[in-house]
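For the numbers below, each heavy atom of this structure counts, side chains included, while hydrogens, waters and symmetry mates do not.
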Amino acid sequence: MTTPPDKRLPVLEEIRARGMPQDARKPGWLRVNVPGGERYGRVRETLRGLSLHTVCQEAHCPNVGECWGGGTATVMLMGDTCTRACRFCKVKTAAHPPPLDPDEPRHVADAVRELGLDYVVVTSVDRDDLPDGGAAHFAEAIRRLKEIPGLLVEVLTPDFRGDPAAVRTVGEAGPHVFANNVETVRRLSPAVRDARAGYDQTLGVLDRMRREFPGVVTKSSIMVGLGETEEEVEEALTDLRGAGVEILTLGQYLRPSSWHLPVVEWVTPERFGAYRDMGLAHGFRYVASGPLVRSSYRAGELFLRGEIESRQART
């Protein structure tokens, strides 16, 4: 039997042919200050003392100083090892990561209480080795966090291979904001993301959350700079709005290592501004668009708090 051609290869070859070298000089708008300060140190030591992982560190987020200095952290559940190997992500991978820590949801809630946060973002690695992808573990963390008075909970979850029961398990736990990232445009998705992910799979997860849990704010994120065209970005925005997504973030892809995909283009702040206007014109309720914007970018927290409190007042 003839092996069918891998449709990812032409796109991978295109990105690699057009990509910049690993040591390409970053433009000035991508430079950030070395993180530090009293509150930054307090957040770091609290999370370390409770043996928690954060995407801020594991994914080398450029905004870690801003977020931790402002008392915000994005906590990562289910350990620090992912079962997928997306070509943009710094998080380490393995086919069989260590077993889940049943005390982790409690530790997360303890850390948030100790830090005195009123808005927390919780994400996780993908755990395709688990029957439910870790959905029950995620839901337990949400329930414990919601016991903290006044705390708003945003989650950025795996796609659970599109499993409706797993998505429902998370929705029933009642997060205030549910995010699942499409990551890139349709054409590039097979080359950028692990084969178990998928552009339409992500759209399906977001659409299901919106339909079954209309009180939950839905959110997604796109990286640019991988060779996508403006028309392809607009197509992705149209698809996300079609799935009912309300909040959108767009940021520059930054290459974590020589193994990962190269950057094809440094997208200018001016074009990010144009993408923000495009998103608002498509009907997103809030758009954060800029070179250093990431999915859990804290600039949107005040808007989300107002949106959530408005919805709660109407119910």
Side-chain angles (χ1 to χ4, degrees), residues 4-32 55-64 82-94 125-126 156 159 180-202 220-237 239-240 248-276 278-279 288-297:
D6 189 337
K7 295 181 180 180
R8 295 172 294 174
L9 292 179
V11 182
L12 277 170
E13 291 169 359
E14 176 194 335
I15 294 173
R16 287 168 176 157
R18 296 177 59 194
M20 304 178 194
Q22 171 72 6
D23 59 354
R25 185 177 178 83
K26 294 183 178 67
W29 62 75
L30 285 172
R31 294 173 192 156
V32 295
V55 75
C56 319
Q57 294 170 301
E58 304 297 337
H60 292 192
C61 179
N63 300 313
V64 63
C82 187
T83 53
R84 299 187 184 179
C86 296
R87 291 179 175 85
F88 66 88
C89 184
K90 179 67 175 177
V91 176
K92 62 187 178 183
T93 67
V125 294
D126 281 281
L156 170 58
D159 60 24
N180 202 246
N181 291 342
V182 75
E183 305 294 6
T184 187
V185 300
R186 181 184 292 277
R187 177 177 63 88
L188 299 179
S189 186
V192 172
R193 305 177 70 186
D194 187 275
R196 287 163 289 186
Y199 185 88
D200 288 309
Q201 185 166 278
T202 296
S220 195
S221 183
I222 299 174
M223 300 174 294
V224 293
L226 282 161
E228 68 290 325
T229 66
E230 292 185 25
E231 291 76 16
E232 288 174 327
V233 172
E234 184 158 21
E235 178 192 32
L237 268 54
D239 291 340
L240 287 168
L248 174 70
T249 64
L250 298 102
Q252 170 73 53
Y253 168 65
L254 298 175
R255 188 181 195 181
S257 76
S258 58
W259 179 87
H260 294 83
L261 291 173
V263 175
V264 173
E265 178 186 14
W266 302 124
V267 178
T268 66
E270 291 75 20
R271 194 177 331 155
F272 274 111
Y275 284 149
R276 177 182 182 276
M278 183 188 295
S289 179
L292 293 174
V293 167
R294 293 296 179 265
S295 178
S296 52
Y297 192 58

Q: Without swapping roles, check the side chain of T249 against the backbone of A288 for a donor-acceptor pair under 3.5 Å.
A: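 Not a single qualifying donor-acceptor pair exists.
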Q: Flag yes if more than 12 heavy atoms outside R255 fall under 6.0 Å of its CZ atom; otherwise flag no.
A: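 Yes, enclosed.
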Q: If you take all heavy atoms of E228 and L188, which pair is closest and at what distance?
A: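 Distance-wise, the nearest heavy atoms are N-CD1, 3.8 Å.
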Q: What closest approach, in Å, do M20 and E265 show between heavy atoms, and which atom pair accounts for it?
A: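 Scanning both residues completely, I find the closest heavy atoms to be CE-CA, 3.7 Å.
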Q: Determine whether V224 and R271 make a side-chain contact, defined as any pair of heavy atoms from C-beta on separated by less than 4.5 Å.
A: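 No, side chains not in contact.
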Q: Given R84, which partner from the list V91, V125, D159, T93 fulfils the side-chain contact (heavy atoms from CB on, under 4.5 Å) test?
A: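 Among the candidates, only D159 passes.
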Q: Kindly say whether V267 contributes a backbone atom to a donor-acceptor pair with the side chain of Q252 at under 3.5 angstrom?
A: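 Checked: pair present.
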Q: Treating Y253 as the side-chain partner and L261 as the backbone partner, does any N or O pair qualify as donor plus acceptor under 3.5 Å?
A: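 Checking the backbone N and O of L261 against the side chain of Y253, a donor-acceptor pair under 3.5 Å is found.
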Q: Can you find a heavy atom in the side chain of T202 that is under 4.5 Å from one in the side chain of E183?
A: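 They are not in side-chain contact.
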Q: Check whether any side-chain heavy atom of P262 sits under 4.5 Å from a side-chain heavy atom of I15, and report yes or no.
A: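 Of all side-chain heavy-atom pairs linking I15 with P262, at least one is under 4.5 Å.
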Q: Can you tell me if R87 uses its side chain to pair, donor with acceptor, with the backbone of A191 under 3.5 Å?
A: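 Present.
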Q: What closest approach, in Å, do T268 and W29 show between heavy atoms, and which atom pair accounts for it?
A: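 Nearest pair, atom of T268 first, then W29: CA-CZ2, 3.8 Å.
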Q: Would you say D239 and V182 make side-chain contact, with heavy atoms under 4.5 Å?
A: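 Of all side-chain heavy-atom pairs linking V182 with D239, none is under 4.5 Å.
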Q: Please find the pair of heavy atoms, one from C86 and one from W259, that lie closest to each other, and give the distance.
A: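 For C86 versus W259, the nearest heavy atoms are O-CZ3, 3.8 Å.
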Q: Find the distance between CD (E235) and OG1 (T229) and round it off to the nearest 0.5 Å.
A: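 That separation rounds to 8.5 Å.
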Q: So which atom in T184 and which in I222 form the shortest heavy-atom distance, rounded to 0.1 Å?
A: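 For T184 and I222, the tightest heavy-atom pair comes out as CA-CG2, 4.3 Å.
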Q: Heavy atoms, side chains only, cut-off 4.5 Å: are R276 and L250 in contact?
A: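 Of all side-chain heavy-atom pairs linking L250 with R276, none is under 4.5 Å.
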Q: Please report the interatomic distance CG(L248) to CE(M278), rounded to the nearest 0.5 Å.
A: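 It is 10.5 Å, given to the nearest 0.5 Å.
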Q: Using atom types as modelled and distance alone, determine if a side-chain donor or acceptor of S220 lies under 3.5 Å from a backbone N or O of N180.
A: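 Present.
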Q: On a heavy-atom basis, which atom in Y199 and which in S189 lie closest, and how many Å separate them?
A: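 That closest heavy-atom pairing would be N-OG, 3.7 Å.
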Q: Using 0.5 Å steps for rounding, measure from the CG atom of L237 to the OH atom of Y275.
A: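 Interatomic distance, L237 CG to Y275 OH, rounded to 0.5 Å: 9.5 Å.
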Q: Check whether any side-chain N or O of D194 sits under 3.5 Å from a backbone N or O of A85 as a donor-acceptor pair, and report yes or no.
A: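 At least one qualifying donor-acceptor pair exists.
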Q: State whether a side-chain donor-acceptor pair under 3.5 Å links T83 with R196.
A: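 Judged by distance alone, the side chains do not pair up.
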Q: Would you say that E14 contacts R187 through its side chain, given a criterion of any heavy-atom pair below 4.5 Å between the two side chains?
A: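 E14 vs R187: side chains touch.
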